[in-house]
Amino acid sequence: MINKGDVVRTGPVTWEIPKTYRKDMRVPVRIFADERLLNAALKDKSLTQAVNASTLPGLVSHVTVMPDVHQGYGFPIGGVAATSYPEGVISPGAIGYDINCGVRLLASQIAYEEAEPYLDDLALQLDENCPSGVGVKGSVRLSVDDLEDVCRNGSNWALNNGYAWEDDIPSTEEHGRIRNADPRDVSPRAMERGRSQLGTLGGGNHFIEVDLVEKIFDHEAAEAMNLSEGYLVLQIHCGSRGFGHQICSDYVRDLQSAVRKYKIQLPDRELVCAPLNSPEGEAYLSAMSCAANYAFANRQVLVSHARRAFEQTFAGKVANYELTQVYDIAHNMGKIEDHQIEGKQVRVCVHRKGATRAFGPGFSELPEKYRHLGQPVLVPGSMGTASWVLLGTEGSMLQSFGSTCHGAGRTMSRKKAKKSIRGDQLRKQLMKKGIRIHAGSMAGLAEEAPHAYKDVDAVVNVVTQAGIAKKVARLRPVAVIKG
DNA sequence: ATGTCC
């Protein structure tokens with residue numbers, strides 16, 4: 001375990017574990033945290049995992065740790081590692097089992113006051129239209145050919161099949177489609193699991209949530225995003241379901257032989273990896289991209305379900321019940337990107353696991369309305385607490401490979417959380433706070449209790465103080481649908 | 001996160 005004495009303070013909210021801490025480190029570990037969040041990070045294996053990650057072949061500059069960090073499979077959730085392309089490695093564990101887990105935000109023109117009498121009905125309609133829970137199947141059934149189309153085309157598949165509006169696409173990271181995704185690199189078993197799960201939410205901390213915009217911090221950005229104080233928005237947090245999970249499992253197993261073949265020394269088997277330019281590394285990158293496209297399409301189908309729920313609830317009741325897409329952004333991905341590091345342009349594979357891409361102003365992929373502002377960043381809080389809309393900055397480009405935090409971050413294990421409160425009690429507490437809850441399982445609900453998570457406001461204050469994100473708006477939940 | 005062990 002790492003001790004506080006091993007960590008050097010480098011600024012008000014920045015810390016470093018120097019390369020000299022352990023002989024096998026290739027780069028230092030840089031941590032964004034206040035004193036309290038650092039102490040939380042020292043309590044589990046997350047910083048040891050960050051040090052382990054700092055031994056990966058081909059790493060560039062440093063490993064980054066976000067304030068919402070907690071331990072994960074081999075690599076911390078809340079970690080960023082960039083490896084040189086193409087001779088560095090790619091590691092499935094440094095991307096996560098839920099490939100392209102991410103958040104989508106949609107804006108409405110419905111004021112909370114106006115919607116209040118219909119919110120119980122809206123929560124019910126969302127629950128009925130959006131299947132949730134582990135292993136749950138959706139209304140969309142895909143042939144193997146269709147699923148191959150989803151793998152290659154992501155959100156474009158959704159647009160061609162009536163699940164998207166034209167304007168949704170440019171407001172999605174990568175326009176909802178990662179290139180060079182070849183379904184031949186996906187196992188038949190993953191394909192089988194993927195066929196029935198498109199347009200489903202899943203379990204754990206995945207949710208669909210109706211929020212109201214509680215406070216705007218950046219009026220120019222909020223206007224570009226269609227966000228106004230007191231109005232409803234819809235947030236979707238989910239990923240690639242059993243499809244991405246199966247792909248990660250397959251490659252964690254298969255790449256073990258690549259580790260031996262390329263004689264890669266690892267401090268932890270869970271960091272299994274392969275060179276980006278090896279056949280094994282290329283196959284994983286392609287399969288991961290298929291899962292990413294599946295997740296984009298999944299969130300897009302959920303949007304069409306949610307639009308139906310809004311129509312069923314509000315048609316004839318409010319003048320305009322349209323949901324316009326603000327943005328869709330991943331927080332579990334490996335991306336090939338160009339970055340300026342110490343004055344030099346480098347091409348790297350940025351592994352972001354529980355870390356959100358946060359590119360600064362001038363980024364050409366962004367739609368014009370956002371290009372001068374920076375990339376929108378969506379940070380979901382824990383259930384029953386605030387969520388945040390942020391922007392990427394020049395600072396995130398310089399300090400964290402264009403990345404920032406992704407959420408509140410767990411402090412209590414699922415098991416401990418379940419023991420600490422009963423689901424039905426928690427539901428009552430949240431109802432008292434004006435939050436409608438539809439949950440598939442009361443045990444699952446207890447696992448997501450707000451007190452099992454860090455304070456999302458403290459996390460956001462660290463990243464904004466460090467300059468790796470900028471505040472746009474704070475959202476407050478009024479209805480949550482989860483598995 | 002995950003047909004929470006094929």
Side-chain angles (χ1 to χ4, degrees), chain A residues 44-46 49 68-79 91-104 131-138 141-142 147 186-208 236-254 270 287-288 290-292 294-296 298-299 302 330-334 351-356 380 382-383 406-419 423 439-449 452-453 481-483:
Chain A
D44 67 13
K45 285 195 290 194
S46 51
Q49 291 180 331
D68 49 332
V69 72
H70 56 112
Q71 69 184 51
Y73 179 85
F75 186 98
I77 296 159
S91 173
I95 288 162
Y97 270 82
D98 192 5
I99 296 163
N100 190 4
C101 185
V103 180
R104 186 174 294 217
S132 64
V134 176
V136 161
K137 296 179 176 183
R141 293 304 157 92
L142 301 172
L147 182 51
V186 176
S187 70
R189 195 161 164 205
M191 293 297 277
E192 201 44 50
R193 287 179 73 174
R195 280 176 61 187
S196 59
Q197 293 194 326
L198 209 64
T200 65
L201 198 50
N205 68 353
H206 288 168
F207 60 73
I208 289 192
I236 299 173
H237 177 205
C238 68
S240 50
R241 309 286 288 105
F243 184 66
H245 190 276
Q246 189 63 50
I247 287 170
C248 186
S249 304
D250 291 339
Y251 279 90
V252 160
R253 182 193 61 228
D254 293 352
E270 293 183 355
M288 182 212 71
C290 290
Y294 185 96
F296 284 132
N298 186 36
R299 290 194 286 274
L302 283 166
H331 51 237
N332 276 8
M333 271 295 279
H351 300 70
R352 297 187 183 88
K353 181 184 184 184
T356 314
S382 56
M383 181 178 51
H406 88 303
R410 209 169 248 293
T411 53
M412 200 183 273
S413 69
R414 292 181 182 281
K415 211 170 157 186
K416 216 178 142 196
K418 230 188 301 197
K419 276 192 188 164
S441 109
M442 282 300 135
L445 191 70
E447 288 183 359
E448 296 306 316
Y453 283 83
I481 286 82
K482 55 189 281 53

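Reminder, nothing fancy here: chain letters follow the sequence lines and each chain counts from 1. Everything quoted here is computed from the prediction, not taken from an experiment.
We find that CD1 of A:I247 is positioned 14 Å from P of B:dT2, with the value rounded to whole Å. One interatomic measurement links the two molecules: CG of A:N100 to P of B:dT2, which rounds to 13 Å at whole-angstrom precision. Atom CD of A:Q197 is separated from atom P of B:dT2 by 8 Å (rounded to the nearest Å). For the pair A:Q246 CD and B:dC5 P, the interatomic distance rounds to 14 Å; values are reported in whole Å. Summarising the geometry, the separation between OH on A:Y73 and P on B:dT2 is reported as 17 Å, rounded to the nearest angstrom. Atom CZ in A:R414 sits about 10 Å away from atom C1' in B:dT4, given to the nearest Å. Going from atom OH of A:Y294 over to atom C1' of B:dT2 covers 13 Å, rounded to whole Å. B:dT2 atom C1' lies 12 Å from atom CD1 of A:I99, rounded to whole Å.
The residue A:E448 sits close only to the backbone: its heavy atoms come under 4.0 Å of sugar-phosphate atoms, none of a base. In this structure, A:E192 reaches neither bases nor backbone, as no heavy-atom distance under 4.0 Å exists between it and the strands shown. Using a 4.0 Å heavy-atom criterion, one finds that A:G204 contacts the sugar-phosphate atoms exclusively. If you check every strand for non-hydrogen atoms under 4.0 Å, A:G244 touches nothing. Among the protein residues, A:G72 comes within range of no part of the nucleic acid, since none of its heavy atoms lies under 4.0 Å from any strand.
A salt bridge links A:E448 with A:R414: at least one charged nitrogen is closer than 4.0 Å to a carboxylate oxygen.
Applying the 4.0 Å criterion to OP1 and OP2 of B:dT2, one finds that A:R241 has a side-chain N or O inside that range.
A distance of 4.5 Å separates NZ in A:K137 from OG in A:S196, rounded to the nearest 0.5 Å.
Residues A:H237 and A:H406 place their aromatic rings such that the two centres sit no closer than 6.0 Å.
Listed by chain and residue number, A:N100, A:E173, A:M333 satisfy the side chain to side chain contact (heavy atoms under 4.5 Å, CB included) test with A:A330 (two or more places apart in sequence, or in another chain).
Residues in residues 70-79 of chain A take part in no side-chain hydrogen bond (donor to acceptor under 3.5 Å, both in side chains) pair, two or more places apart or across chains.
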